[in-house]
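Heads up: the structure comes next, in structure tokens.
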2 protein chains.
Amino acid sequence: MKWDSLEDEPCSLARTVAVIGDRWSLLILRECFLRIRRFDEFQASLEITRHLLADRLKKLVRFGVLRRIPYQESPKRYEYILTQKGLDLYPIIMSIVHWGNIHMVDSRGRPMLHQHKSCGKMFDPVMVCSECGEPLSAKAVHVHPGPGARRPSPVLEQRTKRGLESR
Amino acid sequence: MKWDSLEDEPCSLARTVAVIGDRWSLLILRECFLRIRRFDEFQASLEITRHLLADRLKKLVRFGVLRRIPYQESPKRYEYILTQKGLDLYPIIMSIVHWGNIHMVDSRGRPMLHQHKSCGKMFDPVMVCSECGEPLSAKAVHVHPGPGARRPSPVLEQRTKRGLESR
DNA sequence: GTTGACGGTTCTAAAATAGAACTTTAAGAC
DNA sequence: GTCTTAAAGTTCTATTTTAGAACCGTCAAC
């Protein structure tokens, strides 16, 4: 499958993966949330080649995750800042960090701690149900085809039994 | 930067990205959460080459996200199931899906809906603070170096001012 | 004794990435 | 005036990764 066809899949995960599903995009976004904004700053803090950095920044701008705005005239210089769409990636970034905190730390402990300004405490992110507020786990969730599924739902059952022809 | 050096970075995001930070790993994990378990099932539902599928499954087993267990003897056949470490990836998967639901849907609407078994309602995932229960946003969070940071914190300030030599 | 399922491995061509050098515009030092 | 530096890229070649297809080994069923 080509990268381009990913964003047309009838799957919100696949479409999001088309935007952030590579190593460098996620690391660039990490830097964005740490207030990094300029090409050379990204380049200094990530061991990324200039070529790929330019490429990924362009992609993130194209998808509306970053905005490229001039911060000086003559010579024109730009910086990259998160749009609202980009800021909305925060739960993804935080859940990735949290999983690493739980499963990938060495004996020295966590590389970074997070403090919630509102309540003042060091915290972990918790994912809860928007309706009842209880923490979520995979086993407590049922999935249903939505209006944007590949085919109208009554057909889907049969298609699955006959085998997945076109996917 | 090589893939291998990613998992040694003093950053929980980078270490997690070493495990799941590529297109195919995330799509394979999506299938795992949809109860797909066998090589040929993965191959049928993803347009992945057998070569890469074998490679990624091996990687996920190596990192302890999946377990490879025989489901029949002679001939030996295996299936891949999520470990607890793998099940803990659920918030990452769900936050990725949710971002896609908000920012990447077309006019037809969401491809998939999620129902919470506990309360029975269709829901969205919400990320909240473990301490006060309020929803989290990037701007309400302060970061601090933790015990596993690259260097003891007092030095970090100066190093940053002098420039980032080794990163 | 041939066919088919399953779970891979091996092969070549195409695409992506790494690493380094080069470019452009303009300011500041000498 | 000339030289150096800075920022934000672009261009180049070599290496690595991925795509796409064919092949392999084991067993069961026909």
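Worth saying up front: this structure is predicted, and the values here are computed from it rather than measured. Protein chains get the first letters and strands the later ones, always in sequence-line order, with residue 1 at the start of each.
Straight-line distance from the CD atom of A:Glu41 to the P atom of D:dA8: 8 Å, rounded to whole Å. If you measure from atom CG of A:Asp40 to atom P of D:dA8, you get 6 Å, rounded to the nearest angstrom. Rounded to whole angstrom, the span from the CZ atom of A:Phe39 across to the C1' atom of C:dT25 amounts to 16 Å. Counting to the nearest Å, the P atom of D:dA28 and the CD atom of B:Glu73 are 12 Å from each other. Rounded to a whole Å, the CG atom of A:Leu27 is 15 Å from the C1' atom of C:dT17. Per the geometry, CG belonging to A:Leu53 stands 15 Å off P belonging to C:dG19, to the nearest Å.
Residues A:Asp40 and A:Arg50 form a side-chain contact, since some pair of their non-hydrogen atoms from C-beta on lies under 4.5 Å apart. In this structure the side chain of B:Leu82 never reaches within 4.5 angstrom of the side chain of B:Leu89, judged on heavy atoms. You'll find the side chain of A:Asp106 reaches within 4.5 Å of the side chain of B:Arg15, heavy atoms only.
Annotation: proximity of residues 62-72 of chain B to DNA chain C (heavy atom, distance under 4.0 Å) is found for B:Arg68, B:Tyr71, numbered in ascending order.
Cluster partners of A:Met122, using a side-chain heavy-atom cutoff of under 4.5 Å among ILVMFWY residues and allowing indirect links, are A:Leu113.
A donor-acceptor pair shorter than 3.5 Å can be found between the side chains of B:Ser118 and B:His116.
For the side chain to side chain contact (heavy atoms under 4.5 Å, CB included) with A:Leu26, the lone residue among B:Ile20, B:Val17, B:Asp22 that qualifies is B:Val17. Screening A:Lys59, A:Arg56, A:Arg23 for a side chain to side chain contact (heavy atoms under 4.5 Å, CB included) with A:Ile28, the sole residue that qualifies is A:Arg56.
Note that the OH atom of B:Tyr71 and the CZ atom of B:Arg38 stand 4.0 Å from one another [nearest 0.5 Å].
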Heteroatom pairs (N/O) under 3.5 angstrom, protein to nucleotides 2-4 of chain D:
none

Item to check | Annotated protein contacts, base or backbone, on nucleotides 11-25 of chain D with a non-hydrogen cut-off under 4.0 Å, one of B, S, - each | outcome: B------SSB-B--B
Please tabulate, for side-chain N and O atoms in residues 90-105 of chain A, each donor-acceptor pair with protein atoms closer than 3.5 Å (sequence neighbours left out).
| from | atom 1 | to | atom 2 | distance (Å) |
| --- | --- | --- | --- | --- |
| A:Ser95 | OG | A:Pro91 | O | 2.8 |
| A:Ser95 | OG | A:Ile92 | O | 3.0 |
| A:Ser95 | OG | B:Ser95 | OG | 3.2 |
| A:Trp99 | NE1 | B:Lys85 | O | 3.0 |
| A:Asn101 | OD1 | B:Ser12 | OG | 2.6 |
| A:His103 | NE2 | B:Asp88 | OD2 | 2.7 |

Sequence neighbours excluded and cut-off under 3.5 Å, please list the side-chain donor-acceptor pairs for residues 128-148 of chain A, or say none.
| from | atom 1 | to | atom 2 | distance (Å) |
| --- | --- | --- | --- | --- |
| A:Ser130 | OG | B:Asp124 | N | 2.9 |
| A:Ser130 | OG | B:Asp124 | O | 3.1 |
| A:His144 | NE2 | B:Gln115 | OE1 | 2.8 |

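Using a 4.0 Å cut-off, no side-chain N or O of B:Lys58 falls inside it from OP1 or OP2 of C:dG7. Dashed line: the shortest gap from a side-chain N or O of B:Tyr80 to OP1 or OP2 of C:dC6 is not under 4.0 Å.
For B:Gln43 (side chain) and B:Phe39 (main-chain N/O), no donor-acceptor pair under 3.5 Å exists by modelled atom type.
In the set D:dT26, C:dT25, C:dT9, the nucleotide with an atom closest to the side chain of B:Ala54 is C:dT9.
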